[in-house]
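Every heavy atom of this structure was used, including side-chain atoms; hydrogens, water molecules and symmetry mates were not. Small disclaimer: the values here were computed from a predicted structure and weren't measured.
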Amino acid sequence: MKNQPDWQPTASRSALKSRAQQLAFVRGFFAQRGVMEVETPILGRCGVTEPNLDGIYAQLDAQGIKGGWLQTSPEYHMKRLLAAGSESIYQISKVFRNGERGSRHNPEFSMLEWYRTGFDDKTLMTEVADLVCGWLECPRPKATSYRQAMIDWAGIDPFVITKSDLHQRCREWLQPEQLQNLSRDGCLDLLMSFAVEPNLGTETPVFINQYPASQASLAKISNVDGFDVAHRFELYINGIELCNGYWELTNGDEQRTRFEADNRLRKANGNPQMDIDEAFLAAIEHGLPDCAGVALGLDRLLMLKIGTRDISDVLAFPLERA
């Protein structure tokens with residue numbers, strides 16, 4: 001299909017049909033559990049402060065608002081609904097991330113995101129397994145900690161290794177001058193991408209959990225074996241990261257502190273600082289119910305279903321043909 005004229009889709013008819021079946025499966029899955037489908041803006045007033053995400057800015061002129069951001073995730077808007085009393089919700093949404101194009105990335109992609117009130121991360125992992133394994137008809141995932149995965153595949157203990165030893169380990173992929181300004185978490189992300197991820201879920205799906213607290217993002221933090229870890233998990237199948245989930249942080253002051261830390265890191269990395277989403281923080285301060293949430297890439301899930309390693313095979317029109 002990719003060698004045909006640009007007006008034609010890169011996905012086959014069978015892949016398009018499988019996508020339609022996937023959407024029906026997802027909606028049926030949540031209907032059986034009484035989880036309400038919602039729809040929130042794709043274009044929002046604010047982007048995200050996350051240092052490793054770049055949004056896409058959209059110029060406009062509407063009632064004095066001169067610009068907005070194509071959303072990288074529906075998370076902030078969905079949490080505003082939760083704070084307003086929606087109870088458990090899910091959404092199938094188009095999301096956008098700048099600079100991401102490759103065999104597993106397209107700047108526009110489909111995300112399934114859901115939040116379960118009264119759940120923690122372990123309970124949500126069970127539901128993620130129900131959905132993913134029900135659709136793929138695969139074995140249920142095992143779980144291993146971030147620390148153990150790093151020990152097994154990268155040969156380091158991420159909680160005790162010195163920064164100099166961490167830089168030394170990363171020299172397999174980067175030159176010394178490239179490592180000078182790379183943070184500790186930047187080094188760990190490099191090792192996760194190149195040394196660990198390709199080995200994950202090759203025999204059976206695997207959840208990675210108990211990430212370092214510095215990688216908590218919007219998750220609660222607990223102390224395990226003397227180290228602060230995040231109530232965060234990711235699911236890997238055949239080396240592909242499929243989802244990212246949290247037992248959600250509900251403290252508005254702590255959330256603001258993390259956003260401010262994000263912006264300091266963005267500035268240190270030479271990236272523009274982002275406006276903090278005050279409407280989102282106001283919702284958290286009003287009262288976000290105890291809940292767990294997860295974002296799952298539907299395009300990647302479909303790639304696993306039809307057995308391809310190229311996201312173009314499951315998209316009607318990727319960026320080059322859009």
Q. In terms of heavy-atom contacts, does CD of Glu50 have more than 12 from other residues, nucleotides or ligands at under 6.0 Å?
A. yes
Q: Would you give the length of the straight line joining atom CD1 of Ile311 to atom CE of Met303, rounded to the nearest 0.5 angstrom?
A: 6.0 Å
Q) According to the interplanar angle, ranging from 0 to 90°, do the rings of Phe233 and Phe207 count as parallel (below 30°), tilted (30 to 60°) or perpendicular (above 60°)? A) perpendicular
Q: Hey, could you give me the CG/CG distance between Leu315 and Asp310, rounded to the nearest 0.5 Å?
A: 8.5 Å
Q: Give me the other members of the hydrophobic cluster that Val206 sits in, counting Ile, Leu, Val, Met, Phe, Trp and Tyr linked by side-chain heavy atoms under 4.5 Å, directly or via other members.
A: Tyr146, Met150, Trp153, Ile156, Ile161, Leu166, Trp173, Leu174, Leu179, Leu182, Leu188, Leu190, Leu191, Met192, Phe194, Val196, Leu200, Ile208, Tyr211, Tyr236
Q: Can you measure from CD (Gln273) to NZ (Lys267) and round to the nearest 0.5 angstrom?
A: 5.5 Å
Q | Lys NZ or Arg CZ of Arg33 over Phe29 ring: under 6.0 Å, within 45° | A | yes
Q. Can you list the other members of the hydrophobic cluster that holds Tyr57, where links are side-chain heavy atoms under 4.5 angstrom apart?
A. Trp69, Met274
(Q) What's the separation between atom CD in Glu39 and atom OG in Ser93, rounded to the nearest 0.5 Å? (A) 8.5 Å
Q | Asp275 atom CG: more than 12 heavy-atom contacts under 6.0 Å | A | no
Q) Quick one: are Leu249 and Ile284 in side-chain contact, heavy atoms under 4.5 Å? A) no
**Q.** Atom CD of Glu137 with >12 non-hydrogen neighbours under 6.0 angstrom
**A.** no
Q: Measure the spacing between CE of Met111 and CD1 of Ile92 and express it to the nearest 0.5 Å.
A: 12.5 Å
Q: Taking atom NZ of Lys94 as the centre, report whether more than 12 heavy atoms of other residues, nucleotides or ligands fall under 6.0 Å from it.
A: yes
Q.
More than 12 heavy atoms of other residues, nucleotides or ligands under 6.0 Å from CZ of Arg45: yes or no?
A. no
(Q) Just verifying a value: how many Å separate Cys138 SG and Leu304 CG, rounded to the nearest 0.5 Å? (A) 8.5 Å
Q. With sequence neighbours left out, which residue pairs that include part of residues 109-129 fulfil the ring pair (Phe, Tyr, Trp, His ring centres under 6.0 Å) condition?
A. Phe30-Trp114
Q: Check whether more than 12 heavy atoms from other residues, nucleotides or ligands sit under 6.0 Å from atom CG of Asp225, and answer yes or no.
A: no
